[in-house]
Amino acid sequence: MAKQVYNDYFFDEPAWNTHDGGYVPLEEPTTPQQKLHVPAVLQPDKETDTDMYYTVTAEEGETQLLPGPKTKTWGYNGSLLGKTIIFKRGKTIHITLKNDLHELTTFHWHGLNVPGPYIDGGCHAPVYPGESSDIKFVCNQPAATLWLHAHPCPSTAQQVWHGLATPVVVQDEVEAKLPLPRNYGVDDFPLVLQDRNFHEDNQWDYQKDYDPDGVQGKTPMINGTINPYIDVTTQRVRLRVLDGANRREFRLHFSDGLEFAQVASDGGIMPDPVYFTKVMMTCAERDEFIVDFGKYHDGDEVALMSDDVPLVHFRIHEFAKDDTKLPDHLVDVPDLPVTTGTKTRHVVMSGMDEEVAIDGKKFEMQRIDARQKVGDVVLWDITNTNDMVGGMIHPFHIHGTQFLVVSRNGHAPYANEHGWKDTVSVNPNEHVQIKVRFEYTGVYMYHCHIIEHEDGGMMAQIESYDPQHPKTYKLMDMDTLMNAFAKENHVNPKDLWLGGMGSYEKMGMKM
Ligand code: C2O
Ligand code: CU
Ligand code: CU
């Protein structure tokens with residue numbers, strides 16, 4: 001069969017963020033190109049045949065992003081973003097979570113199949129300044145690129161904007177046998193795609209840039225580097241791309257239309273590689289690409305772009321010929337049969353700006369919106385009602401699971417949606433069906449991953465329960481978190497400003 005090469009972005013053009021009233025186009029930085037910052041691999045405190053021990057510290061610092069004054073930034077085990085954290089499948093992972101910030105945070109493992117809500121690290125698991133907390137779980141899921149980010153409600157967006165986001169890589173023996181580049185920092189690079197605005201003295205100002213439909217910046221920032229380049233020294237390069245922006249969609253393509261392949265989606269290697277010249281990523285999604293630079297020569301340069309702005313420049317150097325072809329089939333992804341007797345779960349995402357909601361409601365930390373039996377495979381039907389001007393694409397995410405995409409408006413999902421996903425974007429007027437199974441019990445959040453939308457209440461939670469072993473959970477309440485934020489920031493609770501608050505107030509709700 002002839003190889004199919006896709007030449008569009010898959011998503012509906014009228015719904016792209018370029019049509020938003022508040023759209024902020026990217027601009028090519030005018031500052032000199034800098035070598036891409038490749039996050040160091042976080043070294044375990046200790047590793048045995050069966051266990052890995054890590055310490056992850058959230059901290060504040062300063063980073064030289066532009067010429068001139070450094071920018072005040074936050075990061076994990078570093079001043080901005082963080083180090084790459086590796087989990088080996090089958091091992092028990094012990095992590096000490098330390099908070100050296102001046103305010104509370106949480107440590108959410110986006111894409112990791114772990115019990116909720118405390119290990120999962122959503123809003124119910126705050127770690128207060130100067131304190132630490134220990135988690136432990138068994139890593140038992142396929143090799144994948146996941147991420148860690150802060151998730152305190154309703155200040156997730158602001159903390160991620162400050163820099164609390166870092167790549168997590170799960171390794172396993174299946175992936176290790178595939179003919180894929182995996183020499184970290186040489187032919188295998190994480191690429192965290194973000195955007196920022198620089199204000200006076202090169203500082204970020206989240207409040208000044210606030211937009212309830214998602215904060216955007218005109219300057220692309222990749223792994224915390226402005227205007228980066230990569231030295232290409234091998235013919236084939238693997239890019240583990242994360243859309244780590246609060247709101248921005250990235251429409252990726254190379255400056256000369258180079259074809260590239262996707263081999264993994266959010267939760268792991270895809271059944272078959274998918275080839276294209278253009279692909280769009282929405283917030284929180286991860287795509288792993290294999291780029292073959294075989295046709296270029298020493299001294300050439302090609303750029304990875306989003307729309308018409310270069311994100312990363314690839315400077316080609318001499319490399320050894322490597323015509324390794326991707327196999328037509330990579331891994332088997334099981335097709336989970338829906339558990340008989342279960343009912344389809346309908347979820348409706350609606351609204352824009354402050355009016356965003358799930359099933360007509362705003363998030364409430366102590367309300368459990370749905371229940372699903374652990375181990376059951378249930379069909380979820382996610383609708384994006386197009387009830388406001390033009391509507392927009394909402395990236396829908398569920399904590400603590402990897403799901404399978406079944407259909408879009410009754411049609412086949414996009415070509416690159418046949419593997420494990422934890423975030424699926426829904427076009428306006430579309431309903432997307434997915435098959436969801438929780439492997440652990442717990443309370444898990446599900447929400448739009450435009451981070452200002454989740455902070456604004458476009459979020460709900462589900463309990464995965466075991467009828468034999470009923471559990472009760474101590475769920476945090478918003479007042480406790482808000483009072484803590486106020487105290488830590490030395491302001492009166494009534495003078496506290498957090499991004500998502502306005503959305504609740506506008507709806508006449510108390511948080
Ligand atoms: Cu990236 Cu609630 O998560
Ligand atoms: Cu998550
Ligand atoms: Cu949304």
Side-chain angles (χ1 to χ4, degrees), residues 17 20-37 58-76 78-82 100-105 129 149-150 152 154-166 192-229 244-248 250 283 306-307 309-312 353 450-452 455-456 485-486 488-492 494-503:
N17 60 359
D20 290 358
Y23 179 62
V24 177
L26 287 178
E27 288 176 18
E28 180 170 0
T30 52
T31 51
Q33 289 185 18
Q34 303 177 64
K35 201 175 168 95
L36 176 80
H37 173 73
E59 56 190 63
E60 296 173 23
E62 287 189 326
T63 309
Q64 189 81 56
L65 289 169
L66 295 176
K70 292 184 174 176
T71 306
K72 292 195 177 67
T73 54
W74 296 8
Y76 295 111
S79 69
L80 174 57
L81 302 177
D100 282 353
L101 307 168
H102 73 277
E103 65 178 37
L104 71 92
T105 190
H149 66 78
S155 200
T156 300
Q158 190 163 359
Q159 290 201 350
V160 172
W161 188 263
H162 285 321
L164 292 182
T166 203
V192 181
L193 309 184
Q194 296 176 315
D195 54 330
R196 293 292 183 271
N197 273 327
F198 290 88
H199 297 273
E200 211 177 320
D201 291 328
N202 291 344
Q203 300 309 307
W204 297 336
D205 188 337
Y206 182 78
Q207 189 167 354
K208 202 177 254 170
D209 290 329
Y210 187 71
D211 177 337
D213 265 337
V215 175
Q216 303 163 77
K218 65 180 188 332
T219 305
M221 181 174 84
I222 318 302
N223 294 358
T225 317
I226 308 300
N227 208 11
Y229 69 87
N246 285 37
R247 191 275 175 265
R248 187 173 298 279
F250 289 93
C283 298
S306 182
D307 295 332
V309 173
L311 302 178
V312 184
D353 288 318
I450 290 175
I451 313 183
E452 283 73 13
D455 279 345
F485 271 122
E488 292 155 3
N489 286 291
H490 310 290
V491 296
N492 238 304
K494 66 172 194 340
D495 297 329
L496 179 70
W497 184 90
L498 295 176
M501 292 167 61
S503 299

task: Applying side-chain contact (heavy atoms from CB on, under 4.5 Å), run through D205 and E200 and close with a yes or a no.
output: CA-CA 9 Å; D205 188 337; E200 211 177 320; over 6 Å; no
message: Does L164 form a side-chain contact (heavy atoms from CB on, under 4.5 Å) with H149? I'd like the steps, not just the answer.
response: CA-CA 6 Å; L164 292 182; H149 66 78; 5.9 Å; no
query: Step by step, would you call W497 with Y206 a side-chain contact (heavy atoms from CB on, under 4.5 Å)?
result: CA-CA 11 Å; W497 184 90; Y206 182 78; 3.8 Å; yes
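Put simply, OH on Y23 and CG on D213 are 14.5 Å apart, with the number rounded to the nearest 0.5 Å. One finds the CZ atom of R196 at 14.5 Å from the CG atom of N202 (value rounded to the nearest 0.5 Å). Here N489 contributes atom CG and L498 contributes atom CG; the two are 8.0 Å apart, rounded to the nearest 0.5 Å. The CD atom of E103 sits 7.0 Å away from atom CD of Q158, with the distance rounded to the nearest 0.5 Å. With rounding to the nearest 0.5 angstrom, the CD1 atom of I226 is 7.0 Å from the OG1 atom of T31. Taking OG1 of T71 as the start and CH2 of W204 as the end, the distance is 6.5 Å to the nearest 0.5 Å.
For the pair Y229 and Q33, the tightest heavy-atom approach, listed with the atom from each and the gap, is CB-OE1, 3.6 Å. Contact detail for A165 and V160: the closest heavy-atom pair is CB-CG1, 4.4 Å. Among all heavy-atom pairs drawn from A157 and E452, the shortest one is CB-OE2, 3.3 Å. The two residues L26 and S306 have their closest heavy-atom pair at CD1-CB, 4.2 Å. Residues L104 and P129 share a closest heavy-atom pair of N-CD, 3.8 Å. Pairing each heavy atom of G224 with each of L81, the nearest pair is N-CD1, 3.5 Å.
Looking only at distances, a side-chain donor or acceptor of Q203 sits under 3.5 Å from a matching main-chain atom of K72. Of the possible polar contacts, none joining the D455 side chain to the G499 backbone as a donor-acceptor pair under 3.5 Å is found. No donor-acceptor pair under 3.5 Å is formed between the side chain of D353 and the backbone N or O of P212. In terms of modelled atom types and a separation under 3.5 Å, the side chain of R248 and the main chain of P25 share no donor-acceptor contact. In this structure, the side chain of T105 does not engage the main chain of A150 through any donor-acceptor pair within 3.5 Å. For N246 (side chain) and V215 (main-chain N/O), no donor-acceptor pair under 3.5 Å exists by modelled atom type. Remark: side-chain polar atoms of D195 are not paired, donor with acceptor, to backbone N or O of K218 under 3.5 angstrom. The main-chain N or O of V192 is found under 3.5 Å from a side-chain atom of N223 such that the two form a donor-acceptor pair.
In this structure, H162 and W74 have tilted ring planes: the angle between them lies in the 30° to 60° band.
Q216 and D211 form no side-chain donor-acceptor contact under 3.5 Å, judged by distance and modelled atom types alone.
Shown here are the salt bridge (Lys or Arg N to Asp or Glu O under 4.0 Å) partners of D20, two or more places apart in sequence or in another chain: R247.
Two residues are said to be in side-chain contact when any heavy atoms from C-beta on lie closer than 4.5 Å; H37 and P228 fail this criterion.
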